Every structure is written in structure tokens, then in C-alpha cells.
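Only one structure is covered here, and it is reproduced in the block below.
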Amino acid sequence: MTTPSETNVVHTAKDGDLLFVTIDHPPVNALSVDVRRGLMAAIDQAESDASVKGVLIVGAGRGFIAGADIREFGRPPMHPILPEVCNRIEACTKPVVAAIHGAALGGGLEVAMAAHYRLAMADAKLGLPEVQLGLLPGSGGTQRAPRLMGVEAAVNLMLSGRHMKAQEAVDGKLVDRLGEGADVLQAGLAYARELLAEAAPVRRTRDLDAIKIGDDHPMGVLDAIQKDVEKKSRGLFSPLKVIEAVRAGLSLPFDEALDNERKLFLQCIDSPQRAGLIHAFFAEREVLKVPEVKNVAPRTVARVGLIGGGTMGAGIAVAVLDAGLPVTMIERDAEAVARGRANVEKVYNGLIAKGRMTESAKADVMARFNTSTDYQALAQADLVIEAVFEEMSVKKAVFAELDRVCKPQAVLATNTSYLDINEIAASVSRPQDVIGLHFFSPANIMKLLEIVVPTQVSADVVATAFALATQLKKVPVRAGVCDGFIGNRILAVYRAAADHMMEDGCSPYEIDAAMRAFGYPMGPFQVSDLAGGDIGWATRKRRAATRDPKARYVQIADRICERGWFGQKTGRGYYLYPAGARTGEPDPEVLAIIDAERARANIQPQALSSEQIVRKYMAAMINEGANVVHQGIALRPLDVDVTFVHGYGFPRHRGGPMKYADMYGLDKVLADIQTFAKQDPLFWQPSPLLVQLVKDGKNFDSLNR
Ligand code: T1G
Ligand code: NAD
């Protein structure tokens, strides 16, 4: 029996014979140990106060409860643990009502499902997204959700991690009542009083049948779902544990099923995937915290201009239009304008063809899209993004035009992949307004946006870029100016390592297979075929004049491009793509080219195991990642992680290359590099930062704080 339950994050108060319990733990009412203790004490208080006939649980601030406190995972558990809290709520002998507004996610929804009645306001979003953190609903969710929603609906909610809206939750029997008005406390109190008035009984979810009416062949349903998950989840651990927990719950008594759920939950906690996924969760929130935006107001962006309507221009236009902003696109001539407009329309026509957009919705969007060849059309633009050919002279000519026509305070951005943005900024009269906005192809899909910060830019321009990223639902990463910024610079290095392995004895298909097994959707040679080998070839040719003659240069890619084999767009590249297939087949002629190049370079081929391929590939990525952090191009190692997870297909469950390095062991990474350096000391120069961290016994994460 604890004293009346006022903790600093859980408050109780009486309203007639109702005890209402308010969780007030900003920003998202996460179920920290204090919240858990406060909830336990509140139920004790309700039980011990005879005048209390019912309990109402609500969240203060912007939502109900966003789940367990994710920061506690990986640390020794503090009691009471959440399963105990949920069981205590469910066991209460007086009706307990949960009134939900905003987020009720993970442990938050589990608390609500442990209550006897649930009300959701119209803005509620309900979900069990634990799999996105490498976990499963470990506080009864795998047992109570099927009892409320049915096996299939519950499992799909847990495996998708999606947030369900209030009405769907009512229709799906997860929630009993849709709350009216905007005041969750008043709606909750009214509903609880109504229940008391009709002497509604305590209704424990655990007592409901695990197999509901209409749940035909739940085991068959689970088998089918399991097959699908095994096929699609590419080695993810926790989704299969979710199914295992639900399956056990169909035959075990409730408490045994809960114990089993706990056992499986702790297996997920111990899985490295949990560490990788939770790192990714916090990292993509930390990247928003950059020095330039602290207490700096962004400029208003209501009208956006765009120069160039090619691959990137069109994708960027769609991303900006989808954010609800008007776009004016400038192209060189009428023919190019028509091509640019067609590139944009193609995206929306594709959505209409898939039934994901209506003609009228497209018309509304296209009404905000203007095109011209006259730069004067941008005189009132608040922000202009340049996406023309990757030639410095062409870019400078465009910026000269923008400098002439754009209004003061307009932000002038370039989408260049490699060029020196300081040089572009210095070419105009307002360098403080120039910034890099490096989108990734396809720009309307890829989440990553590298915000490249030149030396003369003003802080409010950086703040404007970050605000725009949020408006476009992009994940922004601050990058310094160098050749290739964060992503493409590191890509160039591990791609070279892959080429070295290919010339040394591995086939491109073996290397791709090893990286797919590591968790990538595609290997580097498949990616090259998708993006088009001609882009890389153009870059190599441009760099030929400045390339270090002592540096190893593998010519296999040049031999393939010289044949016009640029990948999917030409029907063959490293792979053969019969009749427009998206998945390629190994090409014996490519293997012949590789053999010829090995003979020309006098190389005795030596095969590597998948594990050795991954070690070399990752060592190159991590080492250059360390250089990028060491030179301040990336603020923290987590910025490199977010860049690769959101822009280069790096498997999210590994957290990113720098997080992976921490889990693999920096001393082992350094030892690998020192081994590889015996063969090629010029390419394999250990990063000073890596050497220092190993010497200090520290890891990359120590630099993230
Ligand atoms: N624990 C700790 N901190 C959290 C948190 C949580 N559950 N959720 C959010 N935060 C922090 C976040 O880091 C940020 O901090 C601030 O709150 C605002 O978040 C036993 C095992 C609720 C939809 O997966 O999806 O329950 O950067 O920027 O965009 O079965 O946060 O300001 O310092 O994201 O408005 C399951 C995770 C946990 C939900 C709000 N729950 N959160 O989005 O704000 S596992 C989740 C979200 C679990 C049980 C299991 C979103 C949100 P900072 P934000 P937002
Ligand atoms: P693209 O060749 O598909 O399109 C470039 C467009 O710019 C063409 O339509 C051309 O008509 C137009 N253009 C050229 N000069 C112009 C001028 N003076 N005024 C107006 N329009 C002009 O090229 P892209 O792939 O879209 O690349 C554009 C930029 O984006 C480049 O800097 C590139 O490095 C960068 N980028 C490309 C990718 C990618 O994957 N393709 C990814 C990120 C960044």
C-alpha cells in the first residue's frame, strides 16, 4: 500500500466517485519507471478508497502514451516492469477506462488494452510499432490485441507497425467508443460516468476468447503470414517472434502465454537488431539538432522556384508540390519545358494508374505547377532549387541569372552532387543566401536530404533548409562542403573497394550476393545498373586529369561502359536484363571482360568468402566515414548513419555504418584495415579518428552525445 499517488509524472484527482489518473511526462508520456510506479500507486489508491467506483486514465499534453521509454532499453530493468503494471490495471476490481487522444503506441496501447473500456478521440493514433525497434509488444499486447481485434487484424497491426485511426479502431473492436469534442478528459469522464450509471462490469481482456468468432483457422492464417514474413523480412528477428508469441497464445492459458511473450521479448532485447533499430530511431531525430538552427527563425517559404526539369528537377517538383507548395519550373527552351512537365505528370499518372490518386486531385496539384523559360517568373520566389547539368560553368550561369532576378532574402539552393558550393556562392552578390540541397533519386521518394552548408551561408538560410526538409517529410542531414559531401564521398571509397575485390578475384555477382545477405536490398553492381553506369563513367572521365597516378584504378567499369552497357536503361550492364526485366541475370561476357582485365593487370584471381567481402566493403565505408567526421564534414557519426540508412539502402536494423562499427568492434575494424594496407597502403590509410578512438578505448557513439 503506497501513499496516495502523487508522483511528479502521474497525478490523481477525484471527480465524484471517479478517480482520474493523468500521466504528465512530456514530450510523449513515455512509460518511464516513474510513470509505471505512479500508475501502480493510482490503482492501489482506487482499490483502497471505498468512495471510488471507477478509474479513468488519460494523458496530458499532446497524447495518451507513446509507449515504453525507449531510452531504458539495454539497461537493467527497473521495477515495476510494464507487464506488471498492465496486469495490475486489468486486475482492478473497479471499472478502468482509458481515454485516448493523440498517440497510444506500443506500451501505451497495451495499458489501454489492459483497461476494461477504451474511448478514442478523433485525433487518436493507435499502434503496436515495436517491430520497428526490433522488439515485440512485450506487455500483453500479443495476447490482448488478438482477443479484442481477432488474430489476423492484430498480427497485421503488429507486423506493419502502422498507426491506426480512431474510427478504424472502433470498427475493429479495439476501442469501444469514439469520443466527441476536443477535450479528452471531459469525454472520458462522461463515458466513465455513463458506464457506472449502467453498472457496467469489470471486463478483463484476458477473459475474452483468444480465438474469436470469425477467426477461421487462425493457425492457417498465422502459417500464411509467417511464410510471407520469412520471404519479405530479409532476416529481421522480431517479426517472427511476434508470430511465435501470438501462436502460443492460441493454445496456452493466458498467464503462461504472457510468460512466453516475456521470454520472446527478452530475446528481442538481446538481439543486435534492437540496438541498431533504436539507434536509428533516435539518430533520425538528433540530425535535426544542428548549431545553425538553434534559436534561429527560418525564412518563410511560400513559393518555390526550380531550374531544370530532368531526372532530379521533376522529382523535386513533385516532392514540393506534394507538400502543398506552388512550384515554378524554368527550363532552357519550350521543348525542354514540355519534357519537364511530362516528367512531373508521369509521376501522378503512375499514381492514378495504381488507383492511389484521382484525376481531380492531380488537376489540383498541377494547378500549382507553372513552367517557363523566362527567369523573371522567379522574381517572387522565396526559395529556388537549381538542378541543371553537373557542369560548373552551367551552374554559375544559372546562379548569375538568379542573382539578377530573385528578390532580396530569396534562398538560392543547388542540387549539385559533387561541385564546390563555396565556389558557386562566391560567384554571386549574395553568397550568404546560397546553400546546397542535395536530393537523392527519385527525389519524390528518397527520404534523405543532404543540407550542404557553405562557409558564407547565414544561419537563417540553414534554418530555412531544415524547415523545408520537415515540410517535405525528408530526413535532413547537415553536411560540409567537400567532393561528394557525406554520402557520395564515402560511396566513392567503398565502391572502389568493391572494384578492387572484383579485379582481385570475386565476381560482381558474389559481391552483390554478400551485401544482400548483409541486409542491403541490392548490391553495389545492381545499384550501378539501376542508376546508370554512364553517370559514374562521366564522373571518372571528369576526374581522370586529377586522379593520383599512384592510386589503383580498376578499368572494368570503363570496359563495360565503352560497350554502351549502362545497366537497366540499356538492357545490360553488369547484369543482363531480358525484355526490360528489373532483376538481372549474370552475364558471361562481363565475366570474360573481368578475366581479360585481370590478365592485363597481371592479377592472379583469389576468391573471398562472403564474410571477407563484407569485412573489406564495410572497412572502407567505416574508415572514410571516420575521415568525414574527423574533418567536420559530418557533425557526428550518427549523421553518417542516417545518411546511409535513408539515402544508400544501408540495412536499418544495423543502425548505420558507424553504429555497425561500434557493434563489430573498432579495434577489429582497425586491424582489418591494417591487414588490407599490407597489400595496398595507399588506399588503406587508417583514419586518424579511428586510430585515436581505438587508442582511447572509445567508440563512435561517444562522439554522438
Ligand atoms: N521513449 C522515449 N522517448 C521518446 C519515445 C519513447 N517511446 N517516443 C518519442 N520520444 C522522444 C523523441 O526521441 C523526441 O525526443 C521526442 O520524444 C518527440 O518525439 C513494452 C516495448 C509518438 C509518433 O515506437 O513514433 O512500448 O528529440 O520527435 O514526430 O511493448 O515519437 O525531442 O529529444 O518523434 O511528434 C513503442 C515511438 C515503444 C513510438 C511522436 N513506441 N515514438 O512523433 O515527435 S516500445 C513507439 C514515435 C514499447 C512495449 C514496447 C513518435 C510519436 P527529442 P518525435 P513526433
Ligand atoms: P538531367 O540531365 O536529367 O536534367 C538536367 C536538366 O537541366 C535538363 O532538363 C536540362 O534541359 C536542364 N538545363 C540545363 N541547363 C539549363 C539552364 N541553363 N536553365 C534551365 N534548365 C537547364 O540531370 P539530373 O540527373 O536531373 O541532374 C541534375 C543535377 O542534380 C546535377 O547537378 C546532378 O549532379 C544532380 N543530382 C543528380 C542525381 C541523379 O541521380 N541523377 C542525384 C542527385 C543530384
Side-chain angles (χ1 to χ4, degrees), residues 25-32 62-73 81-83 85-86 102-111 125 127-142 158 161 163 238 261-262 265 268-269 274 277-278 281-289 306-316 329-333 335-337 339-340 343 372-373 375 385-395 397-401 414-419 436-443 446 450 470 487-488 530-532 535 538-539 647:
H25 183 34
V28 292
N29 294 337
L31 290 153
S32 65
R62 55 187 188 163
F64 182 66
I65 304 169
D69 187 336
I70 304 171
R71 294 185 192 283
E72 290 185 2
F73 293 133
I81 56 173
L82 191 55
V85 177
C86 289
L105 302 172
L109 182 54
E110 290 175 299
V111 164
K125 39 185 183 186
L128 296 169
E130 284 84 347
V131 288
Q132 293 173 350
L133 301 169
L135 298 168
L136 56 78
S139 304
T142 67
M158 289 183 251
H163 299 174
S238 69
E261 176 196 84
R262 181 72 184 168
F265 176 76
C268 293
I269 287 280
R274 181 271 305 164
L277 288 164
I278 287 183
F281 174 88
F282 285 119
E284 63 205 10
R285 285 158 177 78
E286 288 301 309
V287 288
L288 302 171
K289 301 168 188 167
L306 198 55
I307 317 296
T311 309
M312 295 309 290
I316 296 168
M329 176 191 278
I330 304 294
E331 260 286 1
R332 289 179 296 167
D333 52 41
E335 193 204 335
V337 163
R339 202 176 44 243
N343 286 340
S372 174
T373 56
Y375 276 77
I385 305 170
E386 163 276 313
V388 301
F389 300 139
E390 185 73 349
E391 291 297 334
M392 185 56 91
S393 57
V394 178
K395 300 221 186 263
V398 168
F399 272 77
E401 279 298 281
T414 172
N415 183 52
T416 180
S417 304
Y418 292 93
L419 299 176
L437 286 180
H438 184 217
F439 290 79
F440 288 75
S441 180
M446 294 299 284
E450 273 183 324
T470 303
N488 285 347
L530 176 71
I535 297 179
T539 308

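Only a predicted model underlies this, so the values are computations on that prediction, with no experimental measurement involved. For ligands, and for the atoms within them, numbers begin at 1 and follow the listed sequence.
- The nearest protein atom to atom 16 (C) of ligand 1, hydrogens excluded, is given as Pro27 CG, 3.5 Å; this is a heavy-atom distance.
- For ligand 2, one of its N or O atoms has an N or O atom of Met312 under 3.5 Å away.
- Distances from atom 55 (P) of ligand 1 to the heavy atoms of Arg62, His25, Glu284 put Arg62 nearest.
- Both the backbone and the side chain of Ala68 come within 4.0 Å of ligand 1, counting heavy atoms alone.
- Only the side chain of Leu133 comes within 4.0 Å of ligand 1, counting heavy atoms alone; its backbone N, CA, C and O stay farther away.
- In terms of polar-atom proximity, Gly106 is not counted as a contact of ligand 1, lacking any N or O under 3.5 Å from an N or O of the ligand.
- Atoms of ligand 2 found under 4.0 Å from any heavy atom of Phe389 (numbered from 1 in listed order, with element): 2 (O), 5 (C), 8 (C), 10 (C), 14 (C).
- At least one N or O atom of Lys289, backbone or side chain, sits closer than 3.5 Å to an N or O atom of ligand 1.
- Nearest protein neighbour of atom 3 (O) of ligand 2, counting heavy atoms only, is Thr311 N, 3.0 Å.
- Heavy-atom separations between Arg339 and ligand 2 include at least one value shorter than 4.0 Å.
- For ligand 2, the atoms closer than 4.0 angstrom to any heavy atom of Ala387 are 5 (C), 6 (C), 7 (O), 28 (C), 29 (C).
- If you check which protein heavy atom lies closest to atom 32 (O) of ligand 2, you get Glu390 OE1, 2.5 Å.
- For atom 29 (O) of ligand 1, no protein non-hydrogen atom is found at a distance below 4.0 Å.
- Close approach of ligand 2 to Ile307 is summarised as follows: ligand atoms under 4.0 Å from at least one heavy atom of the residue are 19 (N), 20 (C).
- The protein heavy-atom contact nearest to atom 16 (C) of ligand 2 is Arg332 CG, 3.3 Å.
- Distance remark: protein heavy atom present below 4.0 angstrom from atom 21 (C) of ligand 1.
- For ligand 1, the polar-atom distance check finds an N/O of Ile70 within less than 3.5 Å of one of the ligand's N/O atoms.
- Residue Gly310 has at least one heavy-atom neighbour below 4.0 Å for each of these atoms of ligand 2: 3 (O), 4 (O), 6 (C), 9 (O), 26 (O).
- Among all protein heavy atoms, the one lying closest to atom 31 (C) of ligand 2 is Val388 O, 3.2 Å.
- Residue contacts with ligand 2, taken as heavy atom pairs separated by less than 4.0 Å, involve Val398 solely via side-chain atoms from C-beta onward.
- Of all the heavy atoms of Pro129, the ones lying under 4.0 Å from any atom of ligand 1 belong exclusively to the side chain.
- Taking a 4.0 Å cut-off on heavy atoms, Phe440 fails to register as neighbouring ligand 2.
- Distances below 4.0 Å separate heavy atoms of Val394 from the following atoms of ligand 2: 15 (N).
- Applying the 4.0 Å criterion to heavy atoms of Ser441 picks out, from ligand 2, the atoms 40 (O).
- Checking only distances, Gly67 never comes within under 3.5 Å of ligand 1, N or O to N or O.
- Looking from atom 9 (O) of ligand 2 to the surrounding protein, the closest heavy atom is Glu331 OE2, 2.5 Å.
- Below 4.0 Å from some heavy atom of Lys395 lie the following atoms of ligand 2, by number and element: 31 (C), 32 (O).
- Nearest to atom 30 (O) of ligand 2 among the protein's heavy atoms is Asn415 ND2, 2.9 Å.
- For Glu110, a nitrogen or oxygen atom sits less than 3.5 Å from a nitrogen or oxygen atom of ligand 1, counting backbone and side chain alike.
- By the 3.5 Å distance cut-off applied to N or O atoms, Glu286 is not counted among the residues near ligand 1.
- Under the 4.0 angstrom criterion, atom 8 (N) of ligand 1 counts as having a protein heavy-atom contact.
- Contacts between Val28 and ligand 1 below 4.0 angstrom, taking non-hydrogen atoms only, involve the side chain exclusively.
- Among residues two or more places apart in sequence or in another chain, the ring-ring contact (aromatic ring centres under 6.0 Å, His included) test is passed with Phe440 by His438, Tyr648.
- When only non-hydrogen protein atoms are considered, atom 36 (N) of ligand 2 lies nearest to Ser417 OG, 3.1 Å.
- Those atoms of ligand 2 that come under 4.0 Å of a heavy atom in Thr416, given as number and element, are 32 (O).
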